[in-house]
Amino acid sequence: IRALSFALVETNLYLDSYPECPDALAYFRRVRDELREKTAAYEKQYGPLTVMGAEAKGRWEWVNTPWPWESED
């Protein structure tokens, strides 16, 4: 997930300079989609990876979920 996040940011920076590069745009979309997929799989198994994944419906649950190393898996 960290490697994909890094690749996404770097591609974003490249696209700032070359916004119409078709290869970079295709790479950005591929990495973005893979990052979404990997993040969703992680969060399904372990809970929110970042605060952006926190539900915050009835009450603030972010601090009440177990950390990955506390998981029984």
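In this chain, residues are counted from 1 in sequence order. Computation of the quantities below employed the complete heavy-atom set of this structure, encompassing side-chain atoms and omitting hydrogens, waters and symmetry-equivalent molecules.
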Hydrophobic cluster identity match, Leu4 and Ile1, side-chain contacts under 4.5 Å: yes
Atom pairs and distances, donor-acceptor, side-chain atoms in residues 22-31, under 3.5 Å, two or more places apart:
none

List the atom pairs, with distances to 0.1 Å, where a side-chain N or O of residues 32-40 and a protein N or O form a donor-acceptor pair under 3.5 Å, not counting sequence neighbours.
residue	atom	partner	partner atom	Å
Thr39	OG1	Leu35	O	2.8

Partner set under ring-ring contact (aromatic ring centres under 6.0 Å, His included) for Tyr18, not counting sequence neighbours: Tyr14
Value rounded to 0.5 Å, distance of CG in Asn12 from CD in Glu10: 9.5 Å
